[in-house]
Q: 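Provided herewith is a single structure, encoded as structure tokens, for subsequent inquiry.
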Amino acid sequence: MNWPVITPLVIFLLIIFAVGFWSHKFVFQTHSFLEEYFLGERQMGGFILAMTMVATYGSASSFIGGPGVAYTQGLGWVLLAMAQLATGYFTLMVLGKKFAIVARQYKAITLIDFLKERYQSKTVVLLSAASIVIFLFSSMTAQWIGGARLVESLTGLPYTTALLIFAFSVLIFVIVGGFRAVALTDAVQGVVMFTGTLILLVATIKAGGGIPKIIHDLAAENPNLISPFGAERTLTPAYVSSYWILVGIGVVGLPQITVRAMSYKNSKAMHSAIIIGTIVVGFIMLGMHLIGVFARPVLPGVKIGDTVMPLLSMKVLPPFAAGIVLAAPMAAIMSTVDALLILVSSALVKDVYLNYIKPTAGDSHVKKISFSVTAIIGLIVIILALSPPNLIIWLNLFSFGGLESVFIWPVIFGLYWMKGNKYGAIASMVLGMSSYILFDRFYPNALGVHTVVLPILISMLGFVVISLLTQQRNGLEKTYQRI
């Protein structure tokens with residue numbers, strides 16, 4: 001047990017738990033348990049909004065998996081990863097004030113609430129809930145694995161023991177504090193992520209003898225490591241460009257990000273969040289992926305990519321400083337896990353149970369169900385994480401693509417195209433989900449682009465065509481009835 005490294009992490013976790021238990025009092029003092037537990041009573045300011053978006057989006061794949069792939073692929077993966085720069089900007093600009101205003105008019109607490117009121121369809125609600133459960137279990141499993149890998153690398157404990165320690169720590173904090181605890185701790189975690197990235201980037205460059213020497217060493221090992229095409233020349237221009245859809249524009253369709261755009265308190269908060277979020281996301285994504293590439297000459301021969309970041313931190317930094325830096329991926333993982341837990345729990349409790357199973361449930365019953373469902377979800381994810389892959393980033397990106405294929409057009413067209421209807425939304429969701437899974441399984445990266453591109457185009461066509469056809473049919477029926 002490397003206590004000089006572990007001590008800062010323990011201090012960080014104690015701060016996080018203190019915020020969680022402090023937030024717990026709001027869960028019982030509020031007039032609306034559901035709005036507080038799942039949305040923090042829509043009270044986020046600009047800085048907290050920016051940081052909760054950054055921390056929710058910046059996950060195990062950004063701090064553990066991303067540097068791991070960059071280590072194997074080289075500078076080409078850094079170029080690809082920078083598509084994420086526009087994430088917060090696109091999300092808040094596309095959804096913007098209109099989404100927050102409409103969500104308040106609908107009294108929507110979740111994204112599915114918005115879709116339910118907009119399309120007036122039980123099928124849309126059930127498809128949305130099923131999509132969130134299916135794809136976010138994949139994403140949560142990736143986060144659990146990332147946290148366990150980190151604890152395993154630091155402590156030397158077996159993977160299963162590390163997984164249980166990490167998972168139960170997060171579960172207790174989220175179950176107790178709800179969305180407010182998630183948002184407030186995300187602000188702390190975002191600052192830790194930014195600081196940790198800066199410290200480790202400087203230390204890695206120094207350990208490698210400066211950037212010119214690192215680039216020279218990479219070129220000597222494999223010239224493709226410093227090219228835009230990756231170590232094995234697999235990063236084609238079409239594939240790299242298509243990442244702008246997956247981790248840039250398409251993020252508008254991620255429920256865990258979208259729900260943030262309905263929880264801020266005013267327009268000033270949104271405008272501040274756009275500026276702060278873009279700067280912080282840009283620096284963290286550039287810094288962490290450069291660290292992964294620069295680690296190759298400093299730490300050669302790493303077999304499991306997901307261990308590069310913790311091993312590098314302990315090599316190039318003094319133990320206590322390494323512990324501070326390693327709080328960054330812990331923060332990223334915890335902030336994403338807690339957001340996803342709240343999201344899946346809200347989909348099952350608010351959108352399915354209270355809508356269709358027990359609409360008359362009292363407040364105390366809802367509290368018990370919410371706490372219980374969150375705990376059960378966490379336990380299921382622990383079981384799924386017991387057999388981890390070598391690179392968790394692929395689990396996370398699979399989840400991203402699936403959710404975007406399902407939600408992006410029902411959300412965007414739901415806000416900006418009044419001719420869009422429930423039939424178009426259902427067609428879009430079914431086509432998006434089914435085509436994404438089929439392409440991912442049988443024809444990944446079709447036509448040289450990322451797997452998500454064609455399903456998003458198919459789901460868009462489905463929405464537009466079916467909406468127009470059913471609208472025309474409804475118009476003919478009304479004309480016939482008048483005659």
Side-chain angles (χ1 to χ4, degrees), residues 23 26 32 35-59 83-115 117-118 178-191 193-194 244 247-285 335-336 338-340 342-343 346 403-404 407-417:
S23 301
F26 292 96
S32 170
E35 191 167 53
E36 168 61 35
Y37 193 72
F38 293 125
L39 209 57
E41 291 197 302
R42 308 180 203 267
Q43 291 298 308
M44 284 200 294
F47 179 75
I48 291 180
L49 173 62
M51 285 305 177
T52 191
M53 289 188 72
V54 169
T56 301
Y57 181 75
S59 62
Q84 299 169 88
L85 177 65
T87 297
Y89 176 85
F90 272 120
T91 303
L92 290 175
M93 287 301 291
V94 171
L95 299 178
K97 299 173 187 176
K98 186 165 186 175
F99 188 61
I101 292 167
V102 172
R104 283 165 170 79
Q105 288 173 348
Y106 288 163
K107 294 184 171 54
I109 292 171
T110 66
L111 173 62
I112 300 178
D113 273 344
F114 164 77
L115 296 174
E117 291 300 319
R118 170 63 177 84
F179 186 91
R180 187 182 296 269
V182 170
L184 291 175
T185 52
D186 280 354
V188 176
Q189 290 160 339
V191 173
M193 287 154 62
F194 187 94
W244 282 84
V247 295
I249 300 169
V251 174
V252 173
L254 292 180
Q256 65 268 38
I257 301 295
T258 303
V259 74
R260 264 79 187 147
M262 66 165 71
S263 58
Y264 59 87
K265 61 183 177 182
N266 53 38
S267 298
K268 184 180 177 182
M270 186 194 79
H271 296 151
S272 300
I274 289 172
I275 297 168
I276 297 168
T278 301
I279 293 169
V280 174
V281 164
F283 177 77
I284 289 174
M285 295 305 162
S335 58
T336 303
D338 54 32
L340 299 184
I342 286 291
L343 186 63
S346 67
L403 290 168
E404 289 170 11
F407 287 106
I408 186 168
W409 302 119
V411 171
I412 293 176
F413 285 144
L415 279 175
Y416 296 108
W417 192 44

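Owing to the predicted nature of the structure, the values given are computational and were not obtained by experimental measurement.
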Q: Considering all heavy atoms of both residues, which atom of Gly250 and which atom of Ile408 are nearest to each other, and what is their separation?
A: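 Closest approach of Gly250 to Ile408, heavy atoms only: CA-CD1, 3.9 Å.
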
Q: Go through the structure and list residues passing side-chain contact (heavy atoms from CB on, under 4.5 Å) with Ile249, not counting sequence neighbours.
A: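 Result, side-chain contact (heavy atoms from CB on, under 4.5 Å) vs Ile249: Phe90.
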
Q: Heavy-atom distance under 4.5 Å between the side chains of Tyr106 and Asp113, does that happen here?
A: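 The answer is no, as the side chains (C-beta and beyond) never meet within the 4.5 Å cut-off.
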
Q: If you look at every heavy atom in Leu95 and Tyr416, which pair is closest and at what distance?
A: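 Shortest heavy-atom contact: O-OH, 3.8 Å.
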
Q: Quick one: closest heavy-atom pair of Lys98 and Leu415, and the distance?
A: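 In this case the closest contact between Lys98 and Leu415 is NZ-O, 2.8 Å.
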
Q: Please name the pair of heavy atoms, one in Phe114 and one in Gly414, separated by the smallest distance, quoted to 0.1 Å.
A: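 Answer, listing the atom of Phe114 first, then Gly414: CZ-C, 4.3 Å.
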
Q: Which pair of non-hydrogen atoms, one from Leu111 and one from Phe407, has the smallest distance, and what is that distance?
A: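 Closest pair (atom of Leu111, atom of Phe407, distance): CD2-CD2, 4.0 Å.
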
Q: In this structure, are over 12 heavy atoms from other groups packed under 6.0 Å from Lys97 atom NZ?
A: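 At most 12 heavy atoms, drawn from other residues, nucleotides or ligands, come within 6.0 Å of this atom.
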
Q: Excluding sequence neighbours, so at least two apart, what forms side-chain contact (heavy atoms from CB on, under 4.5 Å) with Ile279?
A: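 With neighbours one apart ignored, the set is Ile275.
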
Q: Using ring pair (Phe, Tyr, Trp, His ring centres under 6.0 Å) as the criterion, list what pairs up with Phe413, not counting sequence neighbours.
A: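 For Phe413 the ring pair (Phe, Tyr, Trp, His ring centres under 6.0 Å) partners, ignoring immediate neighbours, are Trp409, Trp417, Phe463.
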
Q: Taking Gly253's backbone N and O only, do any of them form a donor-acceptor pair with Thr258's side chain (distance below 3.5 Å, no angle check)?
A: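 Pair absent, no side-chain N/O of Thr258 close to backbone of Gly253.
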
Q: To the nearest 0.5 Å, what is the distance between CD (Gln105) and CD (Glu117)?
A: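 Separation between the atoms: 11.0 Å.
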
